[in-house]
2 protein chains.
Amino acid sequence: MSSRDAGRQPKYQRIAAELRAAVAAGEYGPGERLPGENDLMVAHGVARMTARQALGVLQAEGIVEARKGAGVFVRDFKPIRRRGIERLAHARWGEGRSVWEADAAGRELLVDSVEVSEEDASDAIAGVLDMAEGGGEKVCVRRRRYTLDGKPVLLATSYLPADLVSDTPITQPDTGPGGLYARLADLGRKPVRFREEIRSRMPSADEAERLTLPAGVPVVLVARTAFDAEGAAVEVNEMVLDSSAYVLEYGFEA
Amino acid sequence: MSSRDAGRQPKYQRIAAELRAAVAAGEYGPGERLPGENDLMVAHGVARMTARQALGVLQAEGIVEARKGAGVFVRDFKPIRRRGIERLAHARWGEGRSVWEADAAGRELLVDSVEVSEEDASDAIAGVLDMAEGGGEKVCVRRRRYTLDGKPVLLATSYLPADLVSDTPITQPDTGPGGLYARLADLGRKPVRFREEIRSRMPSADEAERLTLPAGVPVVLVARTAFDAEGAAVEVNEMVLDSSAYVLEYGFEA
DNA sequence: TAGTGGTCTAGACCACGTA
DNA sequence: ACGTGGTCTAGACCACTAG
């Protein structure tokens with residue numbers, strides 16, 4: 001460190017803190033450009049790598065996004081709401097205003113790509129899904145990607161027992177009116193109960209690419225298991241969500 | 001770049017990919033030490049900052065954790081399960097057990113610190129909570145931190161209308177048997193319905209410190225609103241969870 | 001005490017976006 | 001064409017942890 005230490009904090013942390021405060025104070029609004037590496041070098045009298053490190057802190061925090069050749073910009077947060085109840089049932093839940101705003105108004109969630117294949121079940125899937133006796137460990141795998149206003153926001157992978165769904169539209173890209181669950185109903189295996197397990201972590205390199213995630217944006221993992229009237233697990237759907245695009249909502253009674 | 005480009009990828013990405021694969025293949029198990037900066041410099045013939053950058057990638061992905069003066073180690077993932085339904089069933093909290101103690105599966109989840117105060121409601125909270133007419137915008141705020149096996153994993157902040165809970169144990173650090181919701185029941189405002197909103201992002205510097213989070217670990221935010229029999233929102237609980245410590249679970253019917 | 005990661009410098013060349 | 005962020009080098013000193 002060259003001259004003063006300024007409160008026992010590393011220079012790059014001080015610079016980061018200053019920028020963070022400025023963003024929080026609204027000096028730089030969503031989408032606006034921050035001082036770049038060169039600006040910070042001059043303003044604080046530091047080397048390029050130090051200015052870079054300061055900006056790296058804000059990127060890792062998800063506050064800011066760097067665009068090559070353009071600059072560093074304040075990120076925006078406009079999620080959509082995904083309701084655990086409503087989307088799979090008709091019951092209306094939770095009147096009253098919500099804590100986080102999430103407007104889906106006028107924005108389109110579309111399937112971007114569909115891929116269907118038959119594969120050997122992983123141990124994790126085989127352990128959850130109720131496979132028929134002697135039916136092997138084959139599963140029908142449906143991989144889809146969803147985009148919101150053109151931006152990919154969700155990767156979904158469904159697993160179903162292969163012998164259950166063979167020779168049905170479920171093995172086709174287009175499952176027909178009502179979708180997957182309507183076809184399961186046709187088979188007399190209509191899902192009536194669901195369990196969703198949720199966690200979060202940083203994306204793998206592959207996930208970051210397929211969701212076009214900038215640095216500092218985690219993914220939310222939702223694993224949904226669908227049970228039929230007999231309590232058999234007929235489908236497992238593993239979803240990977242862009243955490244900056246979604247607010248999940250669940251309701252339940254005491 | 002000095003000699004070969006090796007597939008259009010930056011050196012540090014190649015090194016990171018190699019280490020990532022090695023970890024995935026089990027060459028380095030949870031808790032084990034990876035090659036350090038010096039090792040990578042020698043092995044790949046790169047400068048210190050480049051080796052550092054490679055390790056930085058794995059840290060940002062949450063795969064690995066650096067310990068000053070010791071080395072870089074593979075991180076472990078041992079979450080506990082938090083069930084949305086069972087934990088609030090009145091069969092549990094109605095009879096002397098508080099909400100959070102309910103699911104310490106073998107491991108101990110303890111309250112680390114409690115802080116109670118009366119504050120002006122933020123716009124977000126005031127918009128959600130049903131405040132009495134003319135009762136002002138004051139809210140009772142209860143801040144708690146929970147630790148699991150000594151490690152902080154959850155920050156919880158409850159907001160309740162101040163005029164509703166004044167002169168009750170809710171304004172005390174210890175709310176008594178059955179906890180907060182039992183006291184609301186005493187007031188004839190027993191919560192009967194709940195809504196939980198969930199999102200995820202990287203922690204603020206403050207959150208990272210209070211949860212002792214290493215780099216590359218996001219937080220999960222859970223905002224729970226409790227409604228009484230009249231449908232009035234009597235409590236909002238904003239929680240910040242260490243994402244590596246929790247799996248959330250919800251169940252519902254079609 | 002020896003080795004580790006953390007911070008920092010002062011240069012360099014590149015690919016990219018915007019104008 | 002110019003400025004931007006992205007990558008990289010070859011040094012340096014420090015604080016911390018472990019043996």
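By convention in this document, chain letters (A, B, ...) are assigned in the order of the sequence lines, proteins followed by strands, and residues within each chain are numbered from 1. The structure presented is a predicted model; accordingly, all values stated were derived computationally and were not measured.
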Identify all pairs in which a protein N or O lies below 3.5 Å from an N or O of nucleotides 2-4 of chain C, and state each distance.
unit_1: C:dG3; atom_1: N2; unit_2: B:Gly69; atom_2: O; d: 3.1
unit_1: C:dT4; atom_1: OP2; unit_2: B:Asn38; atom_2: ND2; d: 2.7
unit_1: C:dT4; atom_1: O2; unit_2: B:Gly69; atom_2: N; d: 3.4

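Of the side-chain N and O atoms in A:Thr50, none sit less than 4.0 angstrom from OP1 or OP2 of C:dT7. Residue B:Tyr12 has a polar side-chain atom (N or O) positioned under 4.0 Å from OP1 or OP2 of D:dT7.
Residue order along DNA chain C, read from the 5' end via each residue's closest nucleotide, puts B:Leu34 first among B:Met49 and B:Leu34.
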Once pairs are restricted to Watson-Crick or G-U wobble with both distances under 3.5 Å, how does DNA chain D read as a dot-bracket string, [ ] for crossings and | for other-strand pairs?
||||||||||||||||||.

The test is side-chain hydrogen bond (donor to acceptor under 3.5 Å, both in side chains); show your working for A:Ser200 and B:Ser200 and say whether it passes.
CA-CA 7 Å; A:Ser200 172; B:Ser200 172; 2.8 Å; yes

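B:Arg201 forms no cation-pi arrangement with A:Phe77, by the criterion of a distance under 6.0 Å to the ring centre and an angle within 45° of the ring axis.
Remark: C1' of D:dG3 and CZ of A:Arg52 are 15 Å apart, rounded to the nearest angstrom. One interatomic measurement links the two molecules: CD of A:Gln9 to C1' of D:dA15, which rounds to 16 Å at whole-angstrom precision. Computed from coordinates, the B:Met41 CE to C:dG6 P distance equals 15 Å when rounded to whole Å.
Using modelled atom types and a 3.5 Å distance limit, the side chains of B:Arg142 and B:Asn237 yield no donor-acceptor pair.
The number of heavy atoms from other shown groups lying within 6.0 Å of CD (A:Glu115) does not exceed 12. Counting non-hydrogen atoms of other residues, nucleotides and ligands closer than 6.0 Å to CD of B:Glu32 gives a total above 12. Within a 6.0 Å sphere centred on CD of B:Glu118, heavy atoms belonging to other residues, nucleotides or ligands number more than 12.
By the 4.0 Å N-to-carboxylate-O rule, A:Lys78 lies close enough to A:Asp76 to be salt-bridged with it. Classification of A:Glu196 and A:Arg82 as a salt-bridged pair holds, one side-chain N sitting under 4.0 Å from a carboxylate O.
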